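What follows is a single structure, written as C-alpha coordinates, with notes after it.
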Amino acid sequence: MARMLTVEDSSSNTGGAVPSPYSRSGYTVNPSVLDSCGQAARHLGGLIPPETAKITEPSDNAASGLKGWLTGPAIHSCAANWKTLLDKLAGDMGTTGTKLSTAAATYRRTEQNVSTSLTGDPATGPGPGSVVKDPFNTVLTTDLSPAAEARRAAAAGKDR
(Lines give C-alpha, C1' and ligand atoms only; values in the text may rest on other atoms or scores of the structure.)
Protein backbone atom coordinates (compact mmCIF):
# COMPACT_ATOMS: atom_id res chain seq x y z
CA MET A 1 0.00 0.00 0.00
CA ALA A 2 1.32 3.46 -0.84
CA ARG A 3 2.38 5.76 1.96
CA MET A 4 0.34 8.92 2.41
CA LEU A 5 2.56 10.76 4.82
CA THR A 6 6.28 10.71 5.38
CA VAL A 7 7.68 12.06 8.60
CA GLU A 8 11.24 13.31 8.47
CA ASP A 9 13.42 14.43 11.33
CA SER A 10 13.88 18.13 10.60
CA SER A 11 17.05 18.31 12.71
CA SER A 12 18.90 16.00 10.32
CA ASN A 13 17.46 17.58 7.18
CA THR A 14 18.53 21.19 7.67
CA GLY A 15 21.59 21.29 5.42
CA GLY A 16 23.54 23.01 8.19
CA ALA A 17 20.85 25.61 8.84
CA VAL A 18 19.38 26.08 12.28
CA PRO A 19 15.81 24.78 12.31
CA SER A 20 13.10 27.22 13.24
CA PRO A 21 11.98 26.93 16.87
CA TYR A 22 8.41 27.07 15.58
CA SER A 23 8.72 24.09 13.26
CA ARG A 24 7.96 20.51 14.13
CA SER A 25 9.21 17.45 12.32
CA GLY A 26 8.79 17.83 8.59
CA TYR A 27 5.89 16.26 6.75
CA THR A 28 5.72 15.36 3.12
CA VAL A 29 2.24 14.83 1.74
CA ASN A 30 1.49 13.34 -1.64
CA PRO A 31 -2.03 14.54 -2.54
CA SER A 32 -2.41 11.88 -5.25
CA VAL A 33 -1.75 9.07 -2.78
CA LEU A 34 -3.98 10.73 -0.20
CA ASP A 35 -6.79 10.96 -2.75
CA SER A 36 -6.25 7.36 -3.88
CA CYS A 37 -6.54 6.15 -0.30
CA GLY A 38 -9.72 8.19 0.11
CA GLN A 39 -11.21 6.67 -3.02
CA ALA A 40 -10.24 3.17 -1.88
CA ALA A 41 -11.83 3.71 1.54
CA ARG A 42 -15.07 4.94 -0.05
CA HIS A 43 -15.09 2.05 -2.51
CA LEU A 44 -14.50 -0.59 0.17
CA GLY A 45 -17.03 1.03 2.46
CA GLY A 46 -19.56 0.86 -0.36
CA LEU A 47 -19.02 -2.89 -0.74
CA ILE A 48 -19.98 -3.66 2.86
CA PRO A 49 -23.76 -2.89 3.01
CA PRO A 50 -24.78 -5.28 0.20
CA GLU A 51 -22.91 -8.05 2.02
CA THR A 52 -24.34 -7.26 5.46
CA ALA A 53 -27.83 -7.45 3.98
CA LYS A 54 -27.14 -11.15 3.45
CA ILE A 55 -26.45 -11.77 7.15
CA THR A 56 -29.98 -11.56 8.53
CA GLU A 57 -31.74 -14.21 6.44
CA PRO A 58 -29.45 -17.17 7.30
CA SER A 59 -29.32 -16.19 10.96
CA ASP A 60 -33.10 -15.79 11.13
CA ASN A 61 -33.50 -19.22 9.46
CA ALA A 62 -31.16 -20.74 12.02
CA ALA A 63 -32.97 -18.97 14.87
CA SER A 64 -36.37 -20.14 13.67
CA GLY A 65 -35.14 -23.74 13.74
CA LEU A 66 -34.30 -23.31 17.41
CA LYS A 67 -37.72 -22.25 18.72
CA GLY A 68 -37.91 -22.75 22.44
CA TRP A 69 -34.16 -22.64 22.86
CA LEU A 70 -32.34 -19.56 24.19
CA THR A 71 -29.84 -20.00 21.38
CA GLY A 72 -32.37 -18.90 18.72
CA PRO A 73 -32.83 -15.29 19.91
CA ALA A 74 -29.09 -15.09 20.70
CA ILE A 75 -28.21 -16.00 17.09
CA HIS A 76 -30.64 -13.37 15.81
CA SER A 77 -29.26 -10.71 18.19
CA CYS A 78 -25.66 -11.57 17.33
CA ALA A 79 -26.28 -11.27 13.58
CA ALA A 80 -28.28 -8.05 14.00
CA ASN A 81 -25.49 -6.52 16.09
CA TRP A 82 -22.84 -7.57 13.58
CA LYS A 83 -24.90 -6.04 10.78
CA THR A 84 -25.27 -2.79 12.71
CA LEU A 85 -21.54 -2.59 13.44
CA LEU A 86 -20.50 -3.46 9.89
CA ASP A 87 -22.94 -0.91 8.45
CA LYS A 88 -21.48 1.72 10.79
CA LEU A 89 -17.97 0.71 9.66
CA ALA A 90 -19.09 1.18 6.04
CA GLY A 91 -20.37 4.66 6.85
CA ASP A 92 -17.18 5.55 8.73
CA MET A 93 -15.06 4.35 5.81
CA GLY A 94 -17.08 6.48 3.42
CA THR A 95 -16.80 9.53 5.66
CA THR A 96 -13.07 9.04 6.21
CA GLY A 97 -12.51 8.47 2.50
CA THR A 98 -14.30 11.71 1.70
CA LYS A 99 -12.20 13.56 4.28
CA LEU A 100 -8.97 12.13 2.83
CA SER A 101 -9.96 13.24 -0.68
CA THR A 102 -10.98 16.66 0.64
CA ALA A 103 -7.60 16.98 2.37
CA ALA A 104 -5.84 16.10 -0.90
CA ALA A 105 -7.86 18.73 -2.76
CA THR A 106 -7.05 21.27 -0.05
CA TYR A 107 -3.31 20.54 -0.35
CA ARG A 108 -3.52 20.96 -4.13
CA ARG A 109 -5.55 24.18 -3.85
CA THR A 110 -3.15 25.61 -1.25
CA GLU A 111 -0.14 24.88 -3.45
CA GLN A 112 -1.94 26.49 -6.39
CA ASN A 113 -2.84 29.57 -4.33
CA VAL A 114 0.71 29.97 -3.04
CA SER A 115 2.10 29.66 -6.55
CA THR A 116 -0.43 32.16 -7.88
CA SER A 117 0.23 34.63 -5.08
CA LEU A 118 3.97 34.46 -5.73
CA THR A 119 3.88 34.60 -9.52
CA GLY A 120 0.44 35.62 -10.68
CA ASP A 121 0.47 32.62 -13.00
CA PRO A 122 -0.58 29.24 -11.57
CA ALA A 123 0.82 27.34 -14.56
CA THR A 124 4.39 28.60 -14.64
CA GLY A 125 5.24 29.06 -10.98
CA PRO A 126 8.21 31.15 -9.87
CA GLY A 127 11.12 31.46 -12.21
CA PRO A 128 13.01 33.75 -14.54
CA GLY A 129 10.79 36.31 -16.17
CA SER A 130 8.02 35.92 -13.61
CA VAL A 131 6.43 39.25 -12.84
CA VAL A 132 5.08 39.56 -9.35
CA LYS A 133 2.73 42.42 -8.50
CA ASP A 134 3.95 44.33 -5.48
CA PRO A 135 1.07 44.17 -2.97
CA PHE A 136 2.53 47.17 -1.10
CA ASN A 137 2.95 49.43 -4.17
CA THR A 138 6.55 50.08 -3.17
CA VAL A 139 8.13 53.07 -4.90
CA LEU A 140 11.89 53.55 -4.78
CA THR A 141 12.76 57.17 -4.03
CA THR A 142 15.67 56.89 -6.45
CA ASP A 143 13.24 56.14 -9.30
CA LEU A 144 12.48 59.50 -10.93
CA SER A 145 10.39 58.22 -13.82
CA PRO A 146 6.96 59.85 -14.41
CA ALA A 147 5.26 56.55 -13.49
CA ALA A 148 7.13 56.42 -10.17
CA GLU A 149 6.23 60.06 -9.48
CA ALA A 150 2.57 59.26 -10.16
CA ARG A 151 2.69 56.28 -7.79
CA ARG A 152 4.32 58.38 -5.07
CA ALA A 153 1.68 61.05 -5.48
CA ALA A 154 -1.13 58.46 -5.37
CA ALA A 155 0.36 56.87 -2.28
CA ALA A 156 0.55 60.26 -0.57
CA GLY A 157 -3.06 60.98 -1.50
CA LYS A 158 -2.16 63.70 -3.98
CA ASP A 159 -3.40 63.99 -7.55
CA ARG A 160 -0.97 65.19 -10.19
Side-chain angles (χ1 to χ4, degrees), residues 1-57 78-160:
M1 178 162 183
R3 291 174 53 179
M4 288 185 295
L5 186 64
T6 304
V7 179
E8 300 169 354
D9 180 6
S10 61
S11 63
S12 64
N13 195 16
T14 61
V18 177
S20 167
Y22 303 108
S23 67
R24 294 187 279 167
S25 295
Y27 294 94
T28 303
V29 177
N30 183 333
S32 296
V33 173
L34 198 60
D35 190 34
S36 294
C37 290
Q39 290 175 20
R42 284 194 311 273
H43 173 73
L44 291 173
L47 296 176
I48 294 173
E51 295 302 315
T52 61
K54 300 173 187 175
I55 290 175
T56 55
E57 184 179 345
C78 181
N81 288 336
W82 268 108
K83 181 180 180 342
T84 299
L85 290 173
L86 290 170
D87 286 343
K88 182 180 180 327
L89 173 64
D92 290 347
M93 289 177 73
T95 299
T96 300
T98 298
K99 288 180 180 181
L100 288 171
S101 293
T102 300
T106 301
Y107 277 111
R108 286 185 184 110
R109 189 171 45 256
T110 299
E111 289 294 322
Q112 181 87 24
N113 291 343
V114 167
S115 176
T116 300
S117 71
L118 293 175
T119 66
D121 184 357
T124 61
S130 296
V131 178
V132 179
K133 182 177 179 339
D134 178 5
F136 305 106
N137 296 318
T138 305
V139 178
L140 300 176
T141 57
T142 57
D143 185 357
L144 302 176
S145 68
E149 290 294 325
R151 287 193 303 270
R152 276 194 285 277
K158 300 176 189 173
D159 291 325
R160 280 197 158 175

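The first residue of the sequence shown is numbered 1, and numbering continues consecutively from there. Predicted model only: the values in this text are computed from it and were never measured.
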Not counting sequence neighbours, which residues clear salt bridge (Lys or Arg N to Asp or Glu O under 4.0 Å) with Lys99? List them please.
-> none

Test salt bridge (Lys or Arg N to Asp or Glu O under 4.0 Å) applied to Glu111 - qualifying residues, sequence neighbours left out = none

Under the side chain to side chain contact (heavy atoms under 4.5 Å, CB included) test, which residues partner Ala103, sequence neighbours left out?
-> Leu34

Go through the structure and list residues passing side chain to side chain contact (heavy atoms under 4.5 Å, CB included) with Thr56, not counting sequence neighbours.
-> Asp60, Lys83

Show me the donor-acceptor pairs, under 3.5 Å and distance only, between side chains in residues 37-45 and residues at least two apart or in other chains.
from: Gln39; atom 1: NE2; to: Asp35; atom 2: OD2; distance (Å): 3.0
from: Arg42; atom 1: NH1; to: Gly97; atom 2: O; distance (Å): 3.0
from: Arg42; atom 1: NH1; to: Ser101; atom 2: OG; distance (Å): 2.8

Heavy-atom pair with the smallest gap, counting every atom of Pro50 and Leu47 = CD-O, 3.5 Å

Mind listing the closest non-hydrogen atom pair of Ala79 and Ile55 along with its distance?
-> CB-CG2, 3.6 Å

Residues passing the side chain to side chain contact (heavy atoms under 4.5 Å, CB included) test with Leu89, sequence neighbours excluded, are Ile48, Leu86, Met93

Of all residues at least two apart in sequence or in a different chain, which pass the side chain to side chain donor-acceptor pair (under 3.5 Å) check with Thr106?
-> Arg109

